[in-house]
Amino acid sequence: MSTVVRTSIGSVCVCVCARINTAKPLIRHCHFFPTSVWPLFSCFQKKCDLNLPRPVQNRAESKISCNLLNVQDGIDDEACELVSGVELSIGEGDDNISAYLFKAVKNNNGTGLLLLSDVFGFEDSFTRDFAYRVACNGYNILVPDLFRGNPWTKEQPDEFEEWIGRQKAERIAEDISRWTKWLVDEFMAAGISKKLGIIGFCFGGGQVLKVLAQDYGSCFGAGISFYGTRMDPHAASDIKAPVLFILGDKDPLCEVSEMENIQKKIGENSKVLVFPGRGHGFAHRPGSPEEDVDAEQAYVIMRDWLYDNLVV
């Protein structure tokens, strides 16, 4: 199979050389600007060594190139070098699947993560910015295209249930499996990463449960589900990795009682973290200063969860 890379990342990541006063080590603190201010930033072209020599499945050749990072004018050039990003694809024709890989260039801890998006897809700016921030903390994070170039948009001619009905569960599971194998080949096979981590928002948060149940503890060492939807509680008994569930108590799409029941079935140091007064999507799509505060707290707790279960 062949791998094709296209350069189309436009998220903004400004990483300031500093340390946060927390229990876990942080190399950089990252601040992300909304897409509305992108034109205010200058762009530096950097050559990035992604260290991806191993083949993706059976491909004959691989073309890897770096995307451009848009950074604030006047910020030290070192900020550009903290995270590199490429778009990858596996397969050809109807079998082609895409993903973004965001990789910490400096202070990389070698750990691979899989981030499953909400219904707005892997090109959504909120999802990209979140992935950049995780990579700033030393990780290699892959964000696959779960919807084969057809994410949900408000301009969709169909109703949501009609659209989601066309997203076949078997196809999504197979695509996730293929990218999981890629992560295993890149980070586990060489002994770089002992276990992988998995994170999901909304639809992706529901997929986290399915992936971990099918994995049965072989590849993934930790999971984080942000307000997961369409979850199968019966899958919980097959999960062997600890899972952190993050949600708000005002979320009609993700009931606290349901998450608590799922968590009890998993056991093994899993945890449910509930933010009072918060609704759906607050952690990666905060819409107010109050949600910003809770989103930051949720991120720090997630970061520590990854560190404790995958890095230490």
Side-chain angles (χ1 to χ4, degrees), residues 10-16 18-24 26 28-38 40-41 70 72 102 113 115-137 139 141 143 151-154 160 199-206 208 223-231 243-260 262-263 270-308:
S11 299
V12 177
C13 173
V14 176
C15 304
V16 182
R19 284 187 178 273
I20 305 300
N21 185 22
T22 57
K24 307 301 179 207
L26 272 178
R28 297 291 188 270
H29 173 62
C30 304
H31 178 69
F32 298 84
F33 294 85
T35 55
S36 60
V37 301
W38 287 358
L40 302 179
F41 296 85
N70 297 322
Q72 187 177 20
F102 303 120
L113 303 176
L115 174 60
L116 304 180
S117 73
D118 57 19
V119 295
F120 297 103
F122 81 137
E123 293 184 309
D124 177 75
S125 61
F126 287 97
T127 297
R128 291 189 195 180
D129 289 348
F130 193 95
Y132 263 121
R133 188 177 187 189
V134 174
C136 277
N137 281 189
Y139 294 94
I141 182 164
V143 189
W152 170 254
T153 66
K154 295 180 180 179
F160 178 79
I199 306 168
F201 303 124
C202 313
F203 177 87
V208 165
I224 301 99
S225 174
F226 286 89
Y227 25 77
T229 61
R230 300 173 185 267
M231 285 189 168
V243 184
L244 174 63
F245 297 94
I246 298 176
L247 66 153
D249 64 357
K250 301 299 183 182
D251 188 346
L253 302 177
C254 182
E255 297 288 344
V256 173
S257 59
E258 181 181 6
M259 294 303 103
E260 290 176 341
I262 290 175
Q263 182 272 329
S270 294
K271 181 179 179 180
V272 174
L273 178 64
V274 180
F275 283 82
R278 295 293 162 247
H280 198 68
F282 76 92
H284 76 301
R285 297 177 180 277
S288 67
E290 293 76 20
E291 286 192 348
D292 283 338
V293 173
D294 285 348
E296 179 64 21
Q297 182 181 354
Y299 179 86
V300 171
I301 293 172
M302 178 211 69
R303 184 207 65 208
D304 291 352
W305 186 267
L306 292 174
Y307 183 86
D308 290 341

Nearest heavy-atom contact between I224 and V208 is O-CG2, 3.9 Å
Can you see which heavy atom on I262 is nearest to which on F245, and at what distance?
CG2-CZ, 3.8 Å
Hits for side-chain contact (heavy atoms from CB on, under 4.5 Å) against A135, two or more places apart or cross-chain, chain-then-number order -> V83, F102, I141
Sequence neighbours left out, what passes ring pair (Phe, Tyr, Trp, His ring centres under 6.0 Å) with F126? Give chain and number order.
none
For the student: nearest non-hydrogen atoms of S225 and M231, plus distance
OG-CE, 3.1 Å
Are the aromatic rings of F130 and H284 close, with centres under 6.0 Å apart?
no
Please list, one pair per line, the donor and acceptor atoms closer than 3.5 Å that link side chains of residues 252-259 to other protein atoms, with sequence neighbours excluded.
none

A283: partners by side-chain contact (heavy atoms from CB on, under 4.5 Å), with sequence neighbours left out:
F226, Y227, A298
Do L306 and M302 come within less than 4.5 Å of each other through their side chains, counting heavy atoms only?
yes
Not counting sequence neighbours, which residues clear side-chain hydrogen bond (donor to acceptor under 3.5 Å, both in side chains) with R278? List them please.
D294
Would you give the length of the straight line joining atom CD1 of I301 to atom CG of L273, rounded to the nearest 0.5 angstrom?
4.5 Å
Could I get the full list of side-chain hydrogen bond (donor to acceptor under 3.5 Å, both in side chains) partners for E290, not counting sequence neighbours?
S288
Passing candidate, ring-ring contact (aromatic ring centres under 6.0 Å, His included) with F282, options F275, Y299, F201
F275
If you take all heavy atoms of Q263 and S270, which pair is closest and at what distance?
NE2-O, 3.0 Å
Would you mind reporting whether Y307 and Y139 have side-chain heavy atoms less than 4.5 Å apart?
yes
Taking R303 for its side chain and V134 for its backbone only, find out whether a donor-acceptor pair lies under 3.5 Å.
no
Sequence neighbours excluded, the answer for side-chain contact (heavy atoms from CB on, under 4.5 Å) partners of P151 is F147
Side-chain (D249) to main-chain (G277) donor-acceptor, under 3.5 angstrom:
yes
Please identify each residue that fulfils side-chain contact (heavy atoms from CB on, under 4.5 Å) with K250, with sequence neighbours left out.
none
Non-hydrogen side-chain atoms of V274 and L247 separated by less than 4.5 Å
yes
